[in-house]
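All values below come from the heavy atoms of this structure, side chains included, with hydrogens, waters and symmetry mates left out. Residue numbering restarts at 1 for every chain, and letters A, B, ... go by the order of the sequence lines.
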2 protein chains.
Amino acid sequence: MGKDTRTALLDSAERAARAKGIDGFSYADLAEEVGIRKASIHYHFPTKADLSVAMMQRYAETFLTLCKDIEATNATGAARLLVLIGKYRDAIGNGRSLCLCVALSGTRDSLPPETINVIRGFRAQMIDWLRDSFALGRQDGSIHNPADPREEAAACLSLLEGAQLAARAEENAAAFDGALSALKKRLG
Amino acid sequence: MGKDTRTALLDSAERAARAKGIDGFSYADLAEEVGIRKASIHYHFPTKADLSVAMMQRYAETFLTLCKDIEATNATGAARLLVLIGKYRDAIGNGRSLCLCVALSGTRDSLPPETINVIRGFRAQMIDWLRDSFALGRQDGSIHNPADPREEAAACLSLLEGAQLAARAEENAAAFDGALSALKKRLG
DNA sequence: GTCTATACGCAGATAGAC
DNA sequence: GTCTATCTGCGTATAGAC
């Protein structure tokens, strides 16, 4: 048995949204990729707004679980941050894709309030995680020239998201690397 | 006499694109705001692709002229960078708007190749300008903990663009300030 | 759960009068 | 240059059979 239809739809929608934005794909696109009729999608997600909520919720959960894993398997602040940077880089492929949070934030007006709330919650948790990692790195001495962890965290998230946008604009992952190289040097 | 129709259309389109993305407004929206019929817009911009090119070209010219002005009126690297940061902050309003480059990069797939080229050129010139400013700041001692100017420039552009995205996600300009505070401290 | 059929609106775009 | 009128396609969404 393959994965259930709902999961297949979420997978397809997430890939499309990260590549083309929430307005860049239609139920017709999902229908073709998943192999059902577009009307059937409404059984799982009555409206596209519902779909965007479910998509973003799943994304946030998955990503925050990933952050826990990084903590569990990396001892220093610098090591944790480097792994996270790698995850953001993986997300862009060859400059054709974005983290779902970045992809959806750009077209905020096409989203229902509930989806925006999930995005806000996700961002807040990411900043907390980053703040803890920068704080740890300052304590354990793994970060050069450490500054205030809270400020570093906010700057880091924007840098990661902006770098993804840069890679997309250039359609080249090297733009991401260029934007991150200065920070990576501080991480050792 | 008011401004000519073409300029009014570009103004309206730019505002809409920065607030809602290139797919977030229609010729009908422009028609209503400018006060002509939507069919008439096609006389000035036959297709929406043509409009996106003209819009981004004008934006790039205006912004790069602004950068020249900043050079002419600010002596140190840090001072120049601080003024530029202020311009990016002004662009977001109350978290409802983005720099046109950020707004369009997010939905790359909806743009013709020509517009993408203009975006690429604009980004390249911005990075050059930033690199020169960071290099100057290193020479004149106005930047704390200076690193390689080329790397700083790439990081700075991504940080500025990512911070705009953050402000939009939170619909709050404070998110921009939070992301920039660490850098601003280095600029004195 | 998935289908066929269909409604309804809006998008970008064109033709031709004035 | 701007208008009215119109075209065509695609978007989300619904009704009801199977």
Side-chain angles (χ1 to χ4, degrees), chain A residues 1-56 58 103-104 106-116, chain B residues 1-56 58 103-104 106-116:
Chain A
M1 73 280 187
K3 51 194 173 187
D4 62 291
T5 305
R6 189 190 147 91
T7 302
L9 285 168
L10 282 175
D11 290 346
S12 180
E14 181 180 323
R15 214 172 322 123
R18 288 171 50 182
K20 302 192 272 187
I22 191 75
D23 295 325
F25 72 95
S26 67
Y27 273 28
D29 298 326
L30 303 186
E32 190 179 10
E33 196 172 318
V34 172
I36 59 175
R37 294 292 167 160
K38 63 177 180 167
S40 309
I41 303 176
H42 290 278
Y43 169 78
H44 300 278
F45 305 103
T47 70
K48 206 176 176 182
D50 296 321
L51 172 60
S52 77
V53 175
M55 203 167 52
M56 190 61 215
R58 190 183 71 156
L104 296 189
T107 53
R108 218 195 111 97
D109 287 18
S110 301
L111 303 173
E114 201 176 337
T115 306
I116 294 174
Chain B
M1 71 281 185
K3 50 195 173 185
D4 62 292
T5 305
R6 188 189 147 91
T7 302
L9 285 169
L10 283 174
D11 290 346
S12 180
E14 181 180 322
R15 214 172 321 124
R18 287 172 51 183
K20 301 192 272 185
I22 191 74
D23 295 324
F25 71 95
S26 68
Y27 271 29
D29 298 327
L30 302 186
E32 189 179 11
E33 195 173 320
V34 172
I36 59 175
R37 295 290 167 164
K38 64 174 180 165
S40 308
I41 302 175
H42 290 277
Y43 169 80
H44 300 278
F45 305 102
T47 70
K48 206 177 177 182
D50 295 321
L51 172 59
S52 76
V53 175
M55 203 168 50
M56 189 62 213
R58 190 182 71 155
L104 296 189
T107 52
R108 217 196 111 98
D109 287 18
S110 301
L111 303 172
E114 200 176 338
T115 305
I116 294 173

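In this structure, CD1 of B:Ile41 is placed 11 Å from P of C:dA11, rounded to the nearest angstrom. Going from atom CD of B:Glu32 over to atom P of C:dA11 covers 11 Å, rounded to whole Å. To the nearest angstrom, C1' of D:dA17 lies 16 Å from CZ of A:Arg37. We find that CG of A:Asp23 is positioned 12 Å from C1' of C:dA11, with the value rounded to whole Å. Here D:dT2 presents its C1' atom at 12 Å from CG of B:Leu9, a figure rounded to the nearest Å. Counting to the nearest Å, the P atom of C:dA13 and the NE2 atom of B:His44 are 15 Å from each other.
For the atom pair B:Phe25 CZ and B:Glu14 CD, the distance stands at 10.5 Å (nearest 0.5 Å). To the nearest 0.5 angstrom, A:Asp4 atom CG is 8.5 Å from A:Leu10 atom CG. Expressed to the nearest 0.5 Å, how far OG of B:Ser26 lies from NZ of B:Lys48 amounts to 7.0 Å.
Side-chain nitrogen and oxygen atoms of A:Thr5 include none within less than 4.0 Å of the OP1 or OP2 phosphate oxygen of C:dG1. The side chain of B:Ser40 contributes an N or O atom lying less than 4.0 Å from OP1 or OP2 of D:dC3.
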Under 3.5 Å, N/O pairs linking protein and nucleotides 9-13 of chain D:
residue: D:dT12; atom: OP1; partner: A:Lys48; partner atom: NZ; Å: 3.0
residue: D:dT12; atom: OP2; partner: A:Tyr27; partner atom: N; Å: 3.1
residue: D:dA13; atom: OP2; partner: A:Lys48; partner atom: N; Å: 2.9
residue: D:dA13; atom: N7; partner: A:His42; partner atom: NE2; Å: 3.2

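The shortest distance between side-chain heavy atoms of A:Lys20 and B:Asp23 does not fall below 4.5 Å. By the 4.5 Å heavy-atom criterion applied to side chains, A:Met55 and A:Leu9 are not counted as neighbours.
Between A:Tyr27 and A:Ile41 the shortest heavy-atom distance is O-CD1, 3.3 Å.
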